[in-house]
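These numbers come from the heavy atoms of this one structure, side chains and all, not from hydrogens, waters or symmetry mates.
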Amino acid sequence: MSVSIIIKWSGQEYPVTKLTEEDTVLDLKETIKTLTGVLPERQKLLGLKIKGKAAEDDVKLGVLKLKPNTKIMMMGSREECLEEVLAPPPDNDDVVNDFDIEEDVIEVENREENLAKIARRVKDYKVEVLNQPREGKKLLVLDVDYTLFAATSMKWIEVKMKELGVTTHANYKITFMLDSAAMITVHTPKRGVVEVKPLGVIWDKFPEFYTRKNTIMFDDIGRNFLMNPQNGLKIRPFMKAHLNRDKDRELLKLSQYLKEIGKLDDFTDLNHKHWERYLSKKHGQ
């Protein structure tokens, strides 16, 4: 069943109508972020309680027994100032607390509720195409946080990609950039609710160009691959750039791997976890 909520913030009301009882409080916060610009970690939802305590992020909305068009007051500030957005990102322990997806031996790819979330993202998420997809070209999806640089928001991504020359270099064909609004949450038995990056959003947006057969994603956090584990390659995190920028060669090595697999028509038989072994065999021939 659908859930209808009205968020009151900064003198305005924001109707939320596209969530279901299976969605979580974190899903609600992500939706609020798209409406108000306030990051989930800065939101305080007054009156959203269960058993007298503030509802945790993994609580399903159906459990809260909300009446239709329940009004919820939110406290929180958006990152209005670009100067604030460009400040160094806070220490992030997500990298340290990451887990290998093998730890949760569970299929989340085909769960009906997760596929429904992807369908909503495909319908509602707007992709700004920077360069048109090219026929016959394969898709590399690059994480930004701790892979290319450290980023906290789309504003940060846009500024940093421009500063690094990624979006302005004539030889780079960046098709589009996505922010956290394209992510979804999934439930895992051991870790509870976690955010993931569903490549299905891209595949459904550009079905004539990209599929699971020709897509690979680099990310330093393994759980981001839970909806598409076969397409993910977990990269060693690029951290403490001021100390390691002269020694980190991960992407240079991976570029050789990309050149090798780029010769293939289908990636589905590859195990990207063993990319270094694959590269050694190819170079040893």
Side-chain angles (χ1 to χ4, degrees), residues 18 30 33-34 37 82 85 109 114-184 195-221 224-225 227-233 235 238 250-270 272 275:
K18 296 182 179 180
E30 289 290 348
K33 185 191 76 171
T34 64
L82 186 59
V85 175
E109 292 179 87
N114 295 337
L115 296 177
K117 290 179 183 180
I118 292 176
R120 288 206 300 269
R121 294 294 183 274
V122 173
K123 180 181 178 181
D124 299 332
Y125 189 81
K126 305 301 181 185
V127 177
E128 180 183 352
V129 176
L130 305 178
N131 291 283
Q132 289 298 323
R134 293 170 291 167
E135 185 100 25
K137 293 293 183 180
K138 298 174 176 65
L139 179 64
L140 168 63
V141 180
L142 281 170
D143 169 50
V144 177
D145 274 345
Y146 299 106
T147 297
L148 290 180
F149 212 85
T152 56
S153 68
M154 180 56 91
K155 286 183 179 180
W156 176 278
I157 294 171
E158 290 173 344
V159 170
K160 275 300 165 190
M161 293 305 97
K162 184 176 180 180
E163 184 179 308
L164 292 170
V166 174
T167 52
T168 56
H169 199 292
N171 292 337
Y172 295 157
K173 299 297 181 183
I174 305 300
T175 306
F176 48 78
M177 296 186 292
L178 306 179
D179 63 9
S180 61
M183 298 176 71
I184 66 169
E195 286 189 295
V196 302
K197 298 179 179 179
L199 290 174
V201 173
I202 298 175
W203 296 333
D204 284 357
K205 287 280 191 183
F206 304 94
E208 66 273 34
F209 295 103
Y210 307 128
T211 68
R212 64 180 65 251
K213 292 184 178 181
N214 66 1
T215 302
I216 182 172
M217 178 166 67
F218 291 173
D219 203 306
D220 62 289
I221 299 181
N224 283 331
F225 306 138
M227 284 299 292
N228 28 260
Q230 201 281 326
N231 296 91
L233 189 155
I235 190 172
F238 178 48
E250 189 83 348
L251 286 176
L252 288 176
K253 296 176 185 176
L254 282 165
S255 68
Q256 299 302 313
Y257 180 63
L258 292 176
K259 289 178 181 178
E260 288 294 340
I261 69 173
K263 303 170 186 176
L264 304 175
D265 294 326
D266 190 342
F267 293 167
T268 53
D269 289 332
L270 295 173
H272 299 309
W275 69 270

Donor-acceptor pair, distance only, cut-off 3.5 Å: does the side chain of [X] make one with the backbone of [Y]?
X      : Y      : answer
Glu30  : Ala182 : no
Lys173 : Arg134 : no
Asp219 : Asp143 : no

Take atom CD of Glu135 as the centre, draw a 6.0 Å sphere, and report whether it contains more than 12 heavy atoms from other residues, nucleotides or ligands.
-> no
Taking all heavy atoms of [X] and all of [Y], pick out the closest pair and write down the distance.
X      : Y      : answer
Lys137 : Asn214 : O-ND2, 4.2 Å
Leu115 : Glu109 : CD2-O, 3.3 Å
Trp203 : Asn228 : CH2-CB, 4.2 Å

From [X] [atom1] over to [Y] [atom2], what is the distance, rounded to the nearest 0.5 angstrom?
X      : Y      : atom1 : atom2 : value
Thr211 : Ile202 : OG1   : CD1   : 12.0 Å
Lys197 : Asn224 : NZ    : CG    : 4.5 Å
Glu195 : Ile184 : CD    : CD1   : 10.0 Å

Do [X] and [Y] come close enough that some side-chain heavy atom pair is under 4.5 Å?
X      : Y      : answer
Phe267 : Lys138 : yes
Met217 : Leu142 : no
Leu270 : Ile216 : no
Asn231 : Phe225 : no

NZ/NE/NH1/NH2 to OD/OE distance under 4.0 Å, Lys213 and Asp265 |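 Result for this pair is no, no salt bridge flagged.
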Starting from the C-alpha separation in whole Å, work towards a yes-or-no answer on side chain to side chain contact (heavy atoms under 4.5 Å, CB included) for Met177 and Met161.
-> CA-CA 10 Å; Met177 296 186 292; Met161 293 305 97; 3.7 Å; yes
Those residues that, when tested against Tyr172, pass ring pair (Phe, Tyr, Trp, His ring centres under 6.0 Å) (two or more places apart) | His169
With sequence neighbours excluded, what pairs up with [X] under the side-chain hydrogen bond (donor to acceptor under 3.5 Å, both in side chains) test?
X      : answer
Thr268 : Asp266
Tyr210 : none
Thr175 : none

Would Phe176 and Phe206 count as a ring-ring contact (aromatic ring centres under 6.0 Å, His included) if you check the C-alpha gap in whole Å, the side-chain angles of each, and the deciding distance to 0.1 Å?
-> CA-CA 11 Å; Phe176 48 78; Phe206 304 94; 5.2 Å; yes
Begin with the C-alpha distance, continue with both residues' side-chain angles, and end with the deciding distance and a verdict on side chain to side chain contact (heavy atoms under 4.5 Å, CB included) for Val141 and Leu139.
-> CA-CA 6 Å; Val141 180; Leu139 179 64; 3.9 Å; yes
Below 3.5 Å, can you tabulate the donor-acceptor pairs from side chains in residues 119-131 to any protein atom, sequence neighbours excluded?
unit_1 : atom_1 : unit_2 : atom_2 : d
Arg120 : NE     : Lys18  : O      : 3.1
Arg120 : NH2    : Asp23  : OD1    : 3.1
Arg120 : NH2    : Asp23  : OD2    : 2.9
Arg121 : NE     : Ala181 : O      : 3.2
Arg121 : NE     : Met183 : O      : 2.8
Arg121 : NH2    : Met183 : O      : 3.2
Asp124 : OD1    : Lys18  : NZ     : 3.0
Tyr125 : OH     : Asp179 : N      : 3.0
Tyr125 : OH     : Asp179 : OD1    : 3.0
Asn131 : ND2    : Ile174 : O      : 2.9

Donor-acceptor contacts under 3.5 Å from residues 251-261 side chains, at least two apart:
unit_1 : atom_1 : unit_2 : atom_2 : d
Ser255 : OG     : Leu252 : O      : 2.5
Tyr257 : OH     : His272 : ND1    : 2.8
Glu260 : OE1    : Lys263 : NZ     : 3.4

